[in-house]
Amino acid sequence: MVVEVTLNKVLTQGTTYRTHPRVCYVVQKIGTNSTSSGYLVIDGKVTGAIIADIAPIRKTSSYVYGPLDISRLPYVIPPDTSFYWNGASGSDVRLIGKILQLAPGEVVPESLLARYREQPDKHIKYVSGSYSFGTDTAWSDGTEVTILTLTPTTIEKYKFNDLVVVDIANATISDGDVVLKFYVDNNPLEFLESNNVEAGLDILAFPHRDDVATNEVAFSLKDLPILLEGDHTLKVTAKNISGSSITPPSGTSITLTLYMVGEYSKGVA
């Protein structure tokens with residue numbers, strides 16, 4: 001009979017690990033302190049990219065959110081299988097979920113083995129983009145800039161149904177100053193505007209992990225996901241609607257960095 005116990009382990013970059021011959025890991029949440037993109041490698045196969053900006057290694061009073069919930073597409077590490085963290089040098093990854101301890105001769109349930117087989121081509125990952133205005137360049141009223149463009153290949157598909165995060169550097173932005181807009185094939189998702197109401201979502205609704213003083217509620221597309229099929233293009237922009245220019249501190253550049261998390265699939269349903 002399978003015995004389930006809690007999985008909550010920290011792995012370090014540069015070390016290869018191996019599961020016990022009668023142990024299977026099911027990873028349902030994942031977090032890292034890596035400030036560059038990283039991913040778990042299971043049996044030599046790459047899984048979804050994460051970064052501390054969207055999946056901190058733990059939730060603290062200084063962070064809006066903690067490890068990323070991947071329970072709808074968990075990672076399965078079967079018995080006697082090698083795995084390691086490929087992230088920034090010296091970085092860590094936290095794996096949270098459950099451990100299946102098998103009796104002698106017992107096998108991993110087929111549903112988990114099926115998930116193991118598909119996980120290199122179907123997993124949760126992030127994409128990102130940024131825009132920098134240039135040193136001492138003001139963001140003029142009415143100016144709309146593109147932060148991200150993404151065009152999957154024919155056999156790829158994204159379902160953005162998770163975190164959307166914007167990291168704002170060198171700009172003081174108040175409620176109602178800037179909106180974020182989403183387009184697919186240059187068609188705006190919000191295409192009807194009311195009088196004096198600009199299309200788009202207020203940028204302060206998308207807090208970065210350490211924006212607790214601005215907004216303690218993370219933004220998610222869970223209830224209204226954006227589906228991006230192969231050969232179609234997603235574009236995300238930011239527009240200054242404040243009525244005046246937004247000016248950076250002297251010697252700096254206003255920079256916007258966007259992170260979007262969703263389900264990625266390649267050649268699978």
Side-chain angles (χ1 to χ4, degrees), residues 4-21 23-101 108 112-113 115-128 158 160-165 167 207-212 218 220 257-266:
E4 295 185 356
V5 296
T6 298
L7 170 67
N8 197 323
K9 299 185 184 296
V10 174
L11 314 180
T12 299
Q13 182 273 337
T15 300
T16 297
Y17 303 84
R18 194 171 195 91
T19 45
H20 186 279
V23 162
C24 174
Y25 289 171
V26 181
V27 182
Q28 297 169 315
K29 291 185 178 181
I30 188 168
T32 184
N33 56 13
S34 179
T35 54
S36 59
S37 183
Y39 48 85
L40 198 61
V41 179
I42 301 172
D43 201 20
K45 301 175 182 66
V46 173
T47 61
I50 62 168
I51 193 170
D53 297 270
I54 58 95
I57 201 165
R58 64 181 58 83
K59 173 79 169 71
T60 73
S61 60
S62 300
Y63 287 171
V64 175
Y65 41 84
L68 183 66
D69 187 343
I70 60 169
S71 56
R72 60 195 183 277
L73 289 176
Y75 295 140
V76 176
I77 309 177
D80 199 19
T81 300
S82 66
F83 59 102
Y84 63 91
W85 168 244
N86 188 332
S89 178
S91 66
D92 299 321
V93 66
R94 181 178 294 277
L95 307 182
I96 300 171
K98 59 185 179 180
I99 299 172
L100 276 58
Q101 299 181 140
V108 177
L112 291 180
L113 291 177
R115 173 63 196 140
Y116 160 74
R117 289 189 291 268
E118 76 171 8
Q119 63 194 15
D121 295 321
K122 188 174 184 178
H123 48 246
I124 294 169
K125 64 181 290 187
Y126 84 96
V127 298
S128 66
Y158 286 86
F160 291 107
N161 58 356
D162 211 307
L163 284 175
V164 182
V165 175
D167 190 16
H208 185 247
R209 60 172 179 164
D210 54 8
D211 288 342
V212 178
S220 174
T257 305
L258 172 75
Y259 303 89
M260 294 183 67
V261 179
E263 298 175 12
Y264 167 83
S265 61
K266 180 178 67 175

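Both backbone and side-chain heavy atoms feed into the values below; hydrogens, waters and symmetry mates do not. The first residue of the sequence shown is numbered 1, and numbering continues consecutively from there.
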Do the non-hydrogen side-chain atoms of Arg115 and Leu73 ever get within less than 4.5 Å of each other? yes

Between Phe83 and Ile42 the two heavy atoms that sit nearest each other are CB-CA, 4.2 Å

So, taking the atom named CD1 in Ile77 and the one named CG in Leu100, what distance separates them when rounded to the nearest 0.5 Å? 12.0 Å

Which residue is it: Asp167, Val164, Val127? I am looking for the one with a side chain to side chain contact (heavy atoms under 4.5 Å, CB included) to Leu258. Val164

Kindly indicate, with the supporting measurements, whether the criterion side chain to side chain contact (heavy atoms under 4.5 Å, CB included) is fulfilled by Leu11 and Thr15. CA-CA 8 Å; Leu11 314 180; Thr15 300; over 6 Å; no

Any heavy-atom pair between the side chains of Ile57 and Thr32 that's under 4.5 Å? no

What closest approach, in Å, do His123 and Gly48 show between heavy atoms, and which atom pair accounts for it? CD2-CA, 3.3 Å

Is the backbone N or O of Ser71 less than 3.5 Å from a side-chain atom of Asp69, with the two atoms forming a donor-acceptor pair by type? yes

Between Ser37 and Ile51 the two heavy atoms that sit nearest each other are N-CD1, 3.9 Å

Are Val93 and Ile30 packed together at the side-chain level, in the sense that at least one heavy-atom pair is separated by less than 4.5 angstrom? yes

Plane angle bin for Tyr259 and Tyr126 - parallel if under 30°, tilted between 30 and 60°, otherwise perpendicular: tilted

With a 4.5 Å cut-off on side-chain heavy atoms, are Gln13 and Ser89 touching? yes

Search all heavy atoms of Ile124 against all heavy atoms of Ile70 and return the closest pair with its distance. CD1-CA, 3.6 Å

Gap between atom NZ of Lys9 and atom OH of Tyr17 - 0.5 Å precision: 11.0 Å

Donor-acceptor pair, Thr6 side chain versus Lys98 backbone, under 3.5 Å? no

Are Val165 and Val64 packed together at the side-chain level, in the sense that at least one heavy-atom pair is separated by less than 4.5 angstrom? no

Of the non-hydrogen atoms in Tyr39 and Val46, which two are nearest, and what is the gap between them? CD1-CG1, 3.5 Å

So, Ser220 and Asp162: side-chain donor and acceptor under 3.5 Å apart, yes or no? no

Quick one, Gln28 and Ile96 - any side-chain contact, counting heavy atoms below 4.5 Å? no

Please check if the side chain of Arg94 supplies one atom and the backbone of Val10 the other of a donor-acceptor pair under 3.5 Å. no

Taking everything shown except Tyr84 itself, do over 12 heavy atoms lie less than 6.0 Å from its OH? no

Can you check whether Thr19 reaches Cys24 side chain to side chain, under 4.5 Å on heavy atoms? no

Measuring only between side-chain heavy atoms, which start at C-beta, is Val108 closer than 4.5 Å to Pro79? yes

Asp53 CG to Ser36 OG distance, which is reported to the nearest 0.5 Å: 10.0 Å

Under the side chain to side chain contact (heavy atoms under 4.5 Å, CB included) rule, what do Tyr116 and Asp43 come out as? Steps first, then yes or no, please. CA-CA 10 Å; Tyr116 160 74; Asp43 201 20; 2.6 Å; yes

Polar side-chain atom of Thr47 near backbone of Leu40 as donor-acceptor pair, under 3.5 Å: yes

Can you see which heavy atom on Leu163 is nearest to which on Ala218, and at what distance? CD2-CB, 3.7 Å

Begin with the C-alpha distance, continue with both residues' side-chain angles, and end with the deciding distance and a verdict on side chain to side chain contact (heavy atoms under 4.5 Å, CB included) for Val27 and Leu7. CA-CA 8 Å; Val27 182; Leu7 170 67; 4.1 Å; yes

Taking OH in Tyr63 as the centre, count heavy atoms belonging to other residues, nucleotides or ligands within less than 6.0 Å. Is the count above 12? no

Checking Met260 against Tyr158 for the side chain to side chain contact (heavy atoms under 4.5 Å, CB included) test, could you report, in this order, the C-alpha distance in whole Å, the side-chain angles of both residues, the deciding distance, and whether it holds? CA-CA 10 Å; Met260 294 183 67; Tyr158 286 86; over 6 Å; no

Ignoring hydrogens and geometry, is there a side-chain-to-backbone donor-acceptor pair from Glu263 to Asn161 under 3.5 Å? no

Quick check for you: to the nearest 0.5 Å, what is the distance between Leu112 atom CG and Gln119 atom CD? 10.0 Å

